[in-house]
Structure formats: C-alpha cells, structure tokens
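Accompanying notes for the structure given below.
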Protein chains: 2
Amino acid sequence: MADFLTIFNKLSELTKSAEDDLHYCLQNKSVNKGDYLLRRREVCKKLYFIEEGLTKTFFSNEEKEFIMQFFAEHALFTVVDSFVSQTPSTYEIMALENTTVTYITWKDLQILCKKHHCIEAAFSKLLSIATINMMKRISEMLEESATERYNHFLDDNGKLLQRISLGDLSNYLGITQGSLSRIRANK
Amino acid sequence: MADFLTIFNKLSELTKSAEDDLHYCLQNKSVNKGDYLLRRREVCKKLYFIEEGLTKTFFSNEEKEFIMQFFAEHALFTVVDSFVSQTPSTYEIMALENTTVTYITWKDLQILCKKHHCIEAAFSKLLSIATINMMKRISEMLEESATERYNHFLDDNGKLLQRISLGDLSNYLGITQGSLSRIRANK
DNA sequence: AGTAAGTTTTATCAATTGTAAAAAACATGA
DNA sequence: TCATGTTTTTTACAATTGATAAAACTTACT
C-alpha cells in the first residue's frame with residue numbers, strides 16, 4: 001500500500017493532501033494463481049499495483065494466446081485502451097502466481113486527477129512510460145531474431161525466467177514452444 | 001495551422017484563451033523530400049503536425065533500417081521518449097515527400113501545459129493514443145504472418161501504398177524486400 | 001512408490017523467410 | 001532518345017520457424 005504511493009511519488013511529486021486522498025482511495029485484492037483480474041469484453045476499471053505475485057496481460061484467437069506483457073511485484077499497470085476510454089477490453093489479465101494487488105478505480109482516479117494536478121501529472125507520466133516501453137518492444141521485434149529476443153529477455157528479466165512457463169514465454173516472444181526449446185538447446 | 005488547432009481541440013476541448021496562446025506558439029517549416037526533421041542523437045524539441053507530405057520515423061543499425069511509423073498529412077506526432085524527457089533520440093525523422101509541418105516546441109508546450117489545463121489534457125490524450133497504437137502494432141506482429149500484416153496494412157493505409165517505396169514498406173513490416181515482393185506476387 | 005496432469009524437449013517434415021545477385025522496370029535529366 | 005541511377009521483381013539456395021506428435025521430465029497428490 002505504501003509502495004503504491006512511493007511509485008506514484010516517483011512519477012510526479014505528490015502534495016501531502018494528494019497523497020492522503022490517494023491513500024484513502026486505494027483498495028486491496030488477492031487472487032489465486034490462474035484467476036483473472038480482467039476478462040475479455042469487460043471494461044478495465046482499475047489501475048493496478050502488484051504488491052506480490054505475477055500477472056500476464058494477453059489476448060487470444062481461436063487457436064493461440066499472445067502475451068503483451070508480464071507484470072511482477074511493484075509494477076504499476078492497467079490495460080491502457082480499455083481503462084482510458086472505459087470501453088470493453090480485448091485483453092485479459094491473469095495471475096500466474098498467487099497475487100496481491102493494490103488498486104484505484106478509474107472513477108476515483110478521475111476525481112483525484114481533477115482535484116490534484118500532481119496526480120494527473122503522475123498518470124500522464126505513466127502513459128508516456130507505457131508508450132516508450134511499447135516502442136522498445138516493437139524495435140526489438142523488428143531488429144532482432146527470435147534467438148536475440150530470447151537472450152534480450154534474459155538480460156532484462158533474468159529473474160522472471162524461473163517463474164514464467166516456457167509456454168507463456170514463447171507466446172510473449174511470438175514464437176512456438178518448439179522453437180523456444182530449440183533456441184534454449186543451442187547453447 | 002488552423003488544422004493543428006482543430007486536431008488539438010478534438011483531443012480535449014480548448015478554451016478560447018488556450019487556443020489563442022497555442023496559435024501564437026505555432027511555427028511552420030517546409031522540408032524537401034529526403035531531408036531530416038530529426039537526426040539521431042539530437043533531442044526532439046518539437047511536436048509536429050503535418051500540413052502536407054509524408055514522413056517516416058525510423059532507426060538503423062550498421063546494415064539495416066527499421067521503420068516505426070509513417071505519418072502523413074494531418075498527423076500529430078513526435079518522438080515520444082526523446083520529447084517527453086528531452087534526451088537524445090535513437091530515432092530519426094525523414095521526409096519522404098516535400099513536407100510542410102506546423103510545430104510547437106517542447107518549451108512552449110511546457111509553458112502552455114502549466115497555464116492551460118485543457119492543453120495538458122490534450123497532450124496526455126495524445127500519449128494514450130500513442131500507447132494504444134503501439135499495442136495494436138505489437139498485437140499484429142505477434143498474431144499475424146507477414147502476408148497478413150501486408151494485407152492489414154493495405155486495409156488500413158491503402159492510399160499510402162502509392163506514396164511509400166516498397167523498400168520502406170518492407171522495413172516497416174519487418175521483412176526483407178525480397179519477401180515483400182514474393183507476398184505481392186502471390187495473388 | 002505410483003498415478004495422473006502438466007511442462008518441456010525432441011524429432012520430423014513442411015512452410016516461410018532470409019541472403020545475394022541478376023534481371024527487369026521505371027524515372028530523370030542531359 | 002539515350003544514359004544513368006534507382007526501385008522492384010525474380011531466382012536459387014540456405015536458414016529459420018511452424019506444425020504435429022511422441023517421448024522425457026516434473027509436480028502434486030494419494
């Protein structure tokens with residue numbers, strides 16, 4: 001709970017009053033491994049902070065699943081398009097471990113943004129970070145081979161490797177599980 | 001010039017006073033085909049609106065070039081990471097046609113954001129749209145084959161096809177020019 | 001230990017994409 | 001029109017990745 005405020009404070013310095021109001025709006029939730037924080041076609045009403053655990057944000061077609069992002073402890077995230085426009089989501093969020101989150105609802109955040117400029121600034125900053133992360137991902141997908149993307153993932157998220165199934169990792173990298181196994185074998 | 005304001009107004013309704021201030025800050029520039037609006041390692045100091053023409057935002061390594069986005073007339077854009085943090089850019093912007101832009105500098109935008117909440121809101125909205133676009137692109141790269149991505153590009157940007165070289169298009173799709181030619185031939 | 005369920009690896013073959021170089025088509029200016 | 005430079009297509013071959021299914025390995029539970 002305190003950490004949510006810490007992270008928000010890093011995005012944009014909060015006034016004491018804003019921090020108090022924000023603190024007051026925060027809620028907690030625990031879900032088990034395999035549970036969903038958001039289902040397809042639901043409106044994403046929450047901005048999440050992970051206290052503990054691990055989630056994946058993904059979408060799927062009839063045959064396959066595609067993973068946009070993993071979020072582990074201390075990550076602050078939401079499904080941007082559904083959240084900002086309060087429209088049904090094409091993405092889902094599932095807990096990959098027993099997970100505890102702190103969250104603020106869209107409604108509450110709206111109110112706080114109106115009231116406290118520093119909170120609005122923090123959220124705006126979060127959006128710009130999201131864009132930058134997405135651009136980085138696209139760059140890697142354009143420039144790197146599957147092997148390079150795998151190694152890059154290890155460099156950036158080495159610690160997560162033990163916690164993510166290789167099936168999920170392959171769905172994140174955009175290759176089949178067979179291909180990922182081949183890549184891992186060639187070492 | 002008027003169009004820049006129109007687009008900004010669509011992002012967030014501007015007060016008369018904000019609109020006047022914004023109008024006052026806008027500047028124009030024309031560049032020839034092949035000219036750069038931004039070079040690598042430069043700080044991107046401008047938020048651009050294309051009055052007329054076409055640009056590509058890209059990066060390159062020793063051998064190849066990779067295109068993040070094309071922007072044609074009435075597009076409002078910048079290089080997000082360099083612009084928001086005012087740090088050197090890894091991306092470059094080049095005009096693919098003789099191009100006229102209207103722009104506002106980061107400095108002026110900063111000032112206006114402080115002064116007019118509606119302008120800050122508009123820029124924030126622009127960031128959220130950028131994130132959403134990037135997520136859409138990643139989704140397509142994960143889910144679709146090169147052939148599907150090409151067809152998808154035609155559906156979304158059919159009119160641009162005549163204006164973009166196939167070399168550039170292949171660098172956008174993340175395939176070689178040879179592959180793209182093959183895809184186009186199979187019809 | 002033994003079983004069942006889930007995960008990861010391996011193997012085979014097919015399809016896609018990359019590489020490199022040549023040929024063809026197109027555009028431009030002398 | 002010719003000549004030149006650029007862009008696009010084509011080709012043959014190599015490398016990578018996909019699809020599928022079976023085998024090996026883990027894990028959790030009884």
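Computation of the quantities below employed the complete heavy-atom set of this structure, encompassing side-chain atoms and omitting hydrogens, waters and symmetry-equivalent molecules.
Summary for the helix from dA1(C)-dT30(D) to dA30(C)-dT1(D): the axes at its two ends, each from 5 pairs, differ by 30° when rounded to the nearest 10 degrees.
Every residue meeting the ring pair (Phe, Tyr, Trp, His ring centres under 6.0 Å) condition with Tyr172(B), not counting sequence neighbours, appears here in chain and number order: Phe70(B), Phe153(B). Among residues two or more places apart in sequence or in another chain, the ring pair (Phe, Tyr, Trp, His ring centres under 6.0 Å) test is passed with Tyr103(B) by none. With sequence neighbours excluded, no residue satisfies salt bridge (Lys or Arg N to Asp or Glu O under 4.0 Å) with Lys159(B).
In this model, a donor atom of one side chain and an acceptor atom of the other lie less than 3.5 Å apart for Glu51(A) and Thr102(A). A side-chain donor from one of Ser179(B) and Arg182(B) sits under 3.5 Å from a side-chain acceptor of the other. In this structure, a donor-acceptor pair under 3.5 Å is present between the side chains of Thr131(A) and Thr131(B).
Heavy atoms only, all atoms of each residue included: Leu169(B) and Ile164(B) are closest at N-CG2, 3.9 Å.
The CG atom of Leu142(B) sits 15 Å away from the C1' atom of dG18(D) (whole-angstrom rounding). Atom CD in Glu148(B) sits roughly 13 Å away from atom C1' in dG18(D) (whole-Å rounding). One atom, CG of Leu169(A), and another, C1' of dT9(C), lie 15 Å apart when rounded to the nearest Å. In this structure, Glu143(A) places its CD atom 20 Å from P of dT17(C), rounding to the nearest Å. One can place OH of Tyr150(B) at 14 Å from P of dT17(C), the figure rounded to the nearest angstrom. Remark: P of dA15(C) and CD of Glu144(B) are 21 Å apart, rounded to the nearest angstrom. Rounded to an integer number of Å, the gap from Asn186(B) CG to dT8(D) P is 18 Å. Across the protein-nucleic acid pair, Ile183(A) atom CD1 and dT8(C) atom C1' stand 14 Å apart, rounded to whole Å.
Identified under the salt bridge (Lys or Arg N to Asp or Glu O under 4.0 Å) test for residues 112-129 of chain B, with sequence neighbours left out: Asp21(B)-Lys115(B). The side chain to side chain donor-acceptor pair (under 3.5 Å) contacts involving residues 54-69 of chain A comprise Lys56(A)-Glu65(A), Lys56(A)-Asp168(A), Asn61(A)-Glu143(B), where partners must be two or more places apart or lie in separate chains. Applying the side chain to side chain donor-acceptor pair (under 3.5 Å) test to residues at least two apart or on different chains, the pairs with a partner in residues 36-46 of chain A are Arg39(A)-Glu92(A). Evaluation of the salt bridge (Lys or Arg N to Asp or Glu O under 4.0 Å) test over residues 94-113 of chain B, restricted to residues two or more places apart or in two chains, returns Glu97(B)-Arg163(B).
Between Asp156(A) and Lys136(A) a salt bridge is recorded (basic side-chain N to carboxylate O distance below 4.0 Å).
Between the side chain of Tyr48(B) and the main chain of Leu37(B), a donor-acceptor pair closer than 3.5 Å is present. Side-chain atoms of Arg137(B) come within 3.5 Å of backbone N or O of Met68(B) as a donor-acceptor pair.
To the nearest 0.5 angstrom, Glu148(B) atom CD is 11.5 Å from Asp155(B) atom CG.
Taking the six-membered ring where tryptophan is involved, the planes of Phe4(B) and Phe49(B) are perpendicular, since the angle between them exceeds 60° and thus also 30°.
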Between the protein and nucleotides 22-28 of chain C, are there any N/O to N/O pairs under 3.5 Å, and if so, what are the atom names and distances?
none

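Contacts between residues 170-182 of chain B and DNA chain C, defined by a heavy-atom separation below 4.0 Å, involve Gly174(B), Ile175(B), Thr176(B), Ser179(B), Arg182(B), listed by number. Of the residues in residues 160-168 of chain A, those placing a heavy atom less than 4.0 Å from an atom of DNA chain C are Ser165(A), Leu166(A), Gly167(A), in numerical order.
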Contact pattern, 5' to 3', of nucleotides 22-30 of chain D - B, S or - by protein heavy atom under 4.0 Å: ---------

